[in-house]
Amino acid sequence: GPADRLAKLVTDVPELSAELHEVLRVESALPRYGVDMTERHFPIEVGLEHALSRTKGCYIGQEIVERILARGAVNKRLVKLEADAPVLPEASIRLGTTVVGRVTSAVMSPLSGPLALGYVRTEQAEPGQLLDIEGIAARVVAKPVDAVVAP
């Protein structure tokens with residue numbers, strides 16, 4: 001846009017604190033590299049299927065990604081969770097007495113209350129699934145791609 005209008009916009013908009021930025025990120029179910037995803041995660045586990053091309057040339061890991069896409073199977077998925085009380089990153093996520101995942105990010109949203117992102121087994125990744133995070137009731141509310149690419 002025009003430089004004079006951009007300069008005014010920058011001065012009129014208050015700076016976003018790191019804490020509020022983190023809340024907005026988790027509310028939007030946007031994974032953060034180094035926190036919610038690393039080089040050890042497949043894009044499909046993180047909900048980044050929409051970012052993969054099936055028509056471009058070769059890239060590192062393409063065979064594995066194509067195999068996953070063809071079979072439609074990964075062992076775990078990153079999901080957004082609503083909790084009944086604040087939870088901590090690295091906390092175990094359970095279904096009954098069985099550990100089915102772990103929390104990667106956790107925030108207290110002024111609008112939605114305690115929220116988290118975490119990996120759970122694919123079988124427990126559907127919205128509505130009731131889980132337990134260190135004794136605190138939680139519900140899967142969205143997969144990252146569902147939260148970001150809403151209809």
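Residues: numbered from 1 along the sequence shown.
Of the possible donor and acceptor atoms, none in the side chain of Arg121 sits under 3.5 Å from a partner among the backbone N and O of Gln124. A distance-only check finds no donor-acceptor pair linking the side chain of Lys80 to the backbone of Val140 [under 3.5 Å]. Not a single donor-acceptor pair under 3.5 Å links the side chain of Ser92 to the backbone N or O of Val99. Remark: the backbone N or O of Leu30 is paired with a side-chain donor or acceptor of Arg25 at under 3.5 angstrom. Side-chain atoms of Ser28 come within 3.5 Å of backbone N or O of Leu24 as a donor-acceptor pair.
In this structure, Glu22 and Ser105 approach most closely via the heavy-atom pair OE2-OG, 4.1 Å. The minimum heavy-atom distance between Pro31 and Met37, with the atom names listed, is O-CE, 4.0 Å. The two residues Ser109 and Val23 have their closest heavy-atom pair at CA-CG1, 3.9 Å. Residues Pro114 and Pro86 share a closest heavy-atom pair of CG-N, 3.7 Å. Nearest approach of Ser17 to Leu20, heavy atoms of both residues: OG-N, 3.0 Å. Between Glu27 and Ser112, the shortest heavy-atom contact is OE2-OG, 4.3 Å.
Using a 4.5 Å cut-off between side-chain heavy atoms of Ile, Leu, Val, Met, Phe, Trp and Tyr, with links allowed through other members, Leu78 and Tyr33 fall into the same hydrophobic cluster. No chain of hydrophobic side-chain contacts below 4.5 Å, direct or via other Ile, Leu, Val, Met, Phe, Trp or Tyr residues, connects Val141 to Leu111.
At a threshold of 4.5 Å between non-hydrogen side-chain atoms, the residues Leu95 and Gln129 count as touching.
Applying the ring pair (Phe, Tyr, Trp, His ring centres under 6.0 Å) test to every pair with at least one member in residues 96-124, sequence neighbours left out, gives these pairs: His41-Tyr119.
The distance from the CD1 atom of Ile136 to the CD1 atom of Ile93 is 11.5 Å, given to the nearest 0.5 Å. Taking CD1 of Ile133 as the start and CZ of Arg139 as the end, the distance is 9.5 Å to the nearest 0.5 Å. Distance check, rounded to the nearest 0.5 Å: CZ of Arg32 to CG of Leu117 gives 11.5 Å. Rounding to the nearest 0.5 Å places CZ of Arg77 at 11.0 Å from CD of Glu123. We find the CE-CG distance between Met108 and Leu115 to be 8.5 Å, quoted to the nearest 0.5 Å.
Glu134 pairs by the salt bridge (charged side-chain N to carboxylate O under 4.0 Å, His left out) definition with nothing, not counting sequence neighbours. For Ala116, the side chain to side chain contact (heavy atoms under 4.5 Å, CB included) partners at least two apart in sequence or on another chain are Leu81, Val87, Val103, Ala106.
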